[in-house]
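Written below as structure tokens is the structure these notes are about.
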Amino acid sequence: MKVFQHPEYDAHERLVFCHDQASGLNAIIAIHSTALGPAAGGCRMWKYANDEEALTDALRLSRGMSYKNALAEIRFGGGKAVIIGDALRDKTAAMFRAFGRAVDQQAGDYITAEDVGVRVADMEEVATQTRFVSGLSQRGSAAGGDPSPWTARGVFVGIHEAVAHHLGTDSLQGVRVAVQGLGGVGYHLCQRLHQAGALLTVADINAERCQRVASEFAATVVSTDDIVSADVDVLAPCALGAVINERSLGTITASVVAGAANNQLATPEDGEQLRSANILYVPDYVINAGGIISAEGEYYGDVSEAEVAAQVDAIGPRLRAIFLEASATDTGTHVIADALAQSRIRDGRPKPMVSKLAS
Ligand code: NAI
């Protein structure tokens, strides 16, 4: 297995392979960049087919966090962790405590939180071993708690902006949206879209989640094979990555792709293909920053819930600027966003002075 020569290595600052015999923990912590603050990004638990697949995922997700946090203008660099295992079968409290100790050994260079397969209760176990953690149960009216509703809020704002820019309508009334994945983010996104008058087509591998969204939000359920090609205006991927790929590209009928999933483009060329087909791609790490914005407020403990809401809503104007520059320069939105993020990381800025680490 290649590490430093891995095609996704991209100048990562640190890669930590963590093993704990007693709990069976096998995890990778990837720290891409601390140029803009401690590297922050969630911990994913997934049944990877092999170690190489886990490493590739960790590296891609970690770089994505650097870009996401840079464009969200928060006091975090980028990192990510993956735990190799089936979240439904293999998860134990001891495993997350062992993971917490591994996070603690990074001495504040990596801050963890939830991602796919990991819940608030798991992070509470992590918090028994380290203070370098966010996404814990909400305390009073302070910022924090489950990041998914914040991510859904940002994705909703982003869909609104994309529809205004690309379809020329300022209302979501009657706009047809396909939501792939009805978990923490997908469910709350459907709720907001339904309230705004959008017409929903949905799919999830979990039939119960489909039924709930169908009955609460009048959504039409289709099979997981048919959701990407559904006859809609907007495709919102909210499950896993690489949904836009060589196979799916020719089947997409939506005019806008805007969802929460990380790494939606299998390759940058797939972004170019979307542009050629006049499909507006909303860069995933810009639109899905709501959760990490909330996590940042919780971690530093100096931001109110209202301030988090304002920061998440700023995703709209941020995207508008990217769309306008992409149109003006005839360039893909993913290229504009990457260039902006890379230049922010290159420039760097002073590390935060106020932090709960100092307390
Ligand atoms: P989740 O684990 O709560 O939900 C994912 C849902 O997708 C589950 O209901 C699952 O059954 C479904 N799913 C899996 N494979 C599928 C398939 N092939 N077709 C249809 N549905 C499928 O995850 P969550 O938190 O809702 O996150 C969704 C996506 O958004 C992930 O890619 C995550 O990395 C990304 N994201 C989440 C953030 C958050 O705050 N939770 C923040 C930023 C990104």
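Fair warning: this is a prediction, and the values are worked out from it, not measured in the lab. Quick note: numbers below take in every heavy atom, side chains included, and nothing from hydrogens, waters or symmetry partners. As the structure lists them, so they are numbered: ligands from 1, and atoms in each ligand from 1.
For Asp10 and Arg60, the salt-bridge test fails: no basic side-chain N is under 4.0 Å from an acidic carboxylate O.
Relative orientation of the His334 and Tyr281 rings is perpendicular, given thresholds of 30° and 60° on the angle between their planes.
Residues passing the ring pair (Phe, Tyr, Trp, His ring centres under 6.0 Å) test with Tyr9, sequence neighbours excluded: Phe4, His12. Residues passing the ring pair (Phe, Tyr, Trp, His ring centres under 6.0 Å) test with Tyr67 are Tyr285, sequence neighbours excluded.
Sequence neighbours left out, the pairs with a member in residues 194-250 that pass ring pair (Phe, Tyr, Trp, His ring centres under 6.0 Å) are Tyr187-Phe217, His194-Phe217.
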I'd like a table of the close N/O pairs between ligand 1 and the protein (anything under 3.5 Å), one pair per line with both atom names and the distance.
residue: ligand 1; atom: 3 (O); partner: Gly184; partner atom: N; Å: 2.9
residue: ligand 1; atom: 9 (O); partner: Asp204; partner atom: OD1; Å: 3.4
residue: ligand 1; atom: 9 (O); partner: Asp204; partner atom: OD2; Å: 2.6
residue: ligand 1; atom: 9 (O); partner: Arg209; partner atom: NH1; Å: 2.5
residue: ligand 1; atom: 11 (O); partner: Asp204; partner atom: OD1; Å: 2.7
residue: ligand 1; atom: 26 (O); partner: Gly184; partner atom: N; Å: 3.2
residue: ligand 1; atom: 26 (O); partner: Val185; partner atom: N; Å: 2.9
residue: ligand 1; atom: 30 (O); partner: Ala260; partner atom: O; Å: 3.3
residue: ligand 1; atom: 32 (O); partner: Ala239; partner atom: O; Å: 2.6
residue: ligand 1; atom: 34 (O); partner: Arg44; partner atom: NH2; Å: 3.0
residue: ligand 1; atom: 34 (O); partner: Asp115; partner atom: OD1; Å: 3.2
residue: ligand 1; atom: 34 (O); partner: Asn262; partner atom: ND2; Å: 3.0
residue: ligand 1; atom: 40 (O); partner: Thr151; partner atom: OG1; Å: 2.6
residue: ligand 1; atom: 41 (N); partner: Ser148; partner atom: OG; Å: 3.3

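Heavy atoms of other residues, nucleotides or ligands lying less than 6.0 angstrom from CD of Glu53 number more than 12.
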